[in-house]
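This report concerns only the one structure given below.
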Amino acid sequence: MSFVIAQGCCNDASCISVCPVDCIRPRPGDPQFMSAEQLYIDPDACIDCAACMVECPVGAIYDEYDMPDHLEVFKEVNAEYFAENPLEISEPVKTTRRKLTKDGQPLRVAVIGSGPSGCYAVDQLSAVSGVEVSLFDRLPTPYGLARAGVAPDHQSTKNITKLFGKIIRRPNVTCYFNVEVGKHVSISELLDHHHAVVVAVGADSDRRLGIEGEDLPGSYPVRKFVAWYNGHPDHNSDEFDLSGERVIIVGNGNVALDAARMLVSDIDRLESSDMAEHALAALRHSGIREVVIVARRGVLDAAYTTSELMALGRMEGVDLVAIPEEVTAAKDDSRLDQAQVRRKHALAAASVTPKMRRRTVASFFGTD
Ligand SMILES: Cc1cc2nc3c(=O)[nH]c(=O)nc-3n(C[C@H](O)[C@H](O)[C@H](O)COP(=O)(O)OP(=O)(O)OC[C@H]3O[C@@H](n4cnc5c(N)ncnc54)[C@H](O)[C@@H]3O)c2cc1C
């Protein structure tokens with residue numbers, strides 16, 4: 001028996017440090033870490049202790065005999081990774097708890113931003129004896145895009161906030177919400193009271209295309225749309241025209257798939273998520289029947305992770321349709337010898353199907 005990492009893996013690597021046989025890869029620092037879509041467990045080395053499953057903050061690890069049917073494919077996905085990257089066991093990195101108690105004075109650190117980056121920084125800092133942390137966020141609520149970015153139907157991913165909650169409640173951490181650094185307090189004022197300041201404010205602006213028509217009515221940055229359906233206080237009163245039948249999404253990363261899922265989902269499905277009421281009310285009357293996802297490069301370069309495209313393809317009443325010529329164009333690409341790329345291609349090839357009612361079309365070269 002073995003444990004298996006499936007859809008929803010957030011790559012935060014907390015499973016790696018608890019694995020007693022060091023059989024989870026890639027590790028932070030491994031060359032594959034930055035490009036891996038997720039982490040993987042070696043089925044041959046796993047000793048079924050379940051430590052990783054207990055530790056996983058987003059519930060993405062399963063006992064192989066206890067996997068929901070639709071995730072069975074991840075057994076193969078995990079094994080495939082080790083067929084290409086055989087497990088090499090190295091000595092575990094020894095960590096020693098640091099202490100900063102030289103003159104008995106605490107080291108005071110201000111962290112600006114309570115998103116994942118800020119929370120992980122607070123975690124590391126507040127674990128050191130003798131450190132006091134002040135955490136600032138301009139919003140009334142913590143967790144940044146883990147709250148206001150991650151899709152409302154991805155509750156297991158949002159579970160990461162339970163871990164962050166434990167971190168920011170530590171006795172040596174003080175939180176200040178509704179405080180915008182740069183407006184209510186300056187960095188130099190923070191430095192008057194702290195030894196160091198960590199800036200973890202995320203990316204708060206849109207990536208502009210710089211093309212004519214970008215600002216026409218009906219064209220919106222996805223950041224705004226996502227913030228609106230997630231109830232971000234800056235975007236509660238935004239409005240989106242959902243009366244048309246067809247939406248085009250430019251770019252095919254996981255956020256594009258999130259937005260597509262929200263647009264083609266049955267309203268009953270969304271009602272059981274934590275989507276903002278105003279967005280539910282608007283989507284209830286939506287006329288959208290088709291979402292076309294357009295990307296500048298081919299199917300093998302698609303920015304989404306395979307597991308997220310699979311999830312979109314599994315939605316009831318929704319057809320995932322790829323343009324046949326675009327799938328065929330990639331069939332002789334030398335990168336198909338890599339399992340992760342092969343899977344991406346196979347999934348697109350399997351999506352060359354006739355249309356049904358609501359549908360999502362992935363057009364990789366923007367030719368449709
Ligand atoms: C739509 C969307 C969906 C996503 N889905 C997933 C997913 O399913 N899984 C996944 O792993 N990742 C997902 N991500 C990515 C993930 O959310 C980000 O990588 C992560 O949130 C970045 O963390 P961060 O702390 O750097 O920034 P943020 O999460 O943006 O946090 C920054 C924080 O800083 C605060 N802040 C900004 N300026 C100031 C200031 N001047 N003073 C005080 N506070 C300030 C903000 O209010 C915010 O709370 C998604 C991202 C988006 C946009």
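Computation of the quantities below employed the complete heavy-atom set of this structure, encompassing side-chain atoms and omitting hydrogens, waters and symmetry-equivalent molecules. Each ligand, and each atom within it, is numbered from 1 in the order the structure gives. These numbers come from a predicted model, not from an experiment.
Nearest protein heavy-atom contact of atom 39 (C) of ligand 1 is Val201 CG1, 3.6 Å. Remark: minimum distance from atom 3 (C) of ligand 1 to any protein heavy atom is reached at Gly149 O, 3.2 Å. Among protein heavy atoms, atom 8 (O) of ligand 1 sits closest to Thr157 CG2, 3.7 Å. The protein atom (non-hydrogen) at minimum distance from atom 23 (O) of ligand 1 is Pro116 CD, 3.3 Å.
A centroid separation of less than 6.0 Å is found between the aromatic rings of Tyr120 and Phe164.
Ligand 1 has at least one atom lying under 4.0 Å from a heavy atom of Asp137. Heavy-atom separations between Val179 and ligand 1 include at least one value shorter than 4.0 Å. Residue contacts with ligand 1 leave out Gly182, since none of its heavy atoms falls under 4.0 Å from the ligand.
Ligand 1 places these atoms under 4.0 Å from at least one heavy atom of Gly144: 29 (O), 31 (O), 48 (C), 49 (O). Of all atoms in ligand 1, numbered sequentially from 1 with element shown, those under 4.0 Å from a heavy atom of Gly113 are 33 (C), 34 (O), 35 (C). Close contacts between ligand 1 and Leu139 involve ligand atoms 47 (O) [criterion: under 4.0 Å to a heavy atom].
For Glu37 and Arg343, the salt-bridge test fails: no basic side-chain N is under 4.0 Å from an acidic carboxylate O. A salt bridge is defined here as a Lys NZ or Arg NE, NH1 or NH2 lying under 4.0 Å from an Asp or Glu carboxylate O, and Asp42 with Arg25 fails to meet this definition.
Put simply, the side chain of Arg335 reaches to within 4.5 Å of the side chain of Asp301, judged on heavy atoms.
For the 3.5 Å distance criterion, the side chains of Glu308 and Thr305 fail to qualify, holding no donor opposite an acceptor.
Here the straight-line distance linking atom CG of Asn11 with atom CE of Met34 works out to 9.5 Å at 0.5 Å rounding.
By the definition of a contact as any protein heavy atom under 4.0 Å away, atom 15 (C) of ligand 1 is not in contact.
Looking at Ile112 against ligand 1, only its side chain comes within 4.0 Å, counting heavy atoms.
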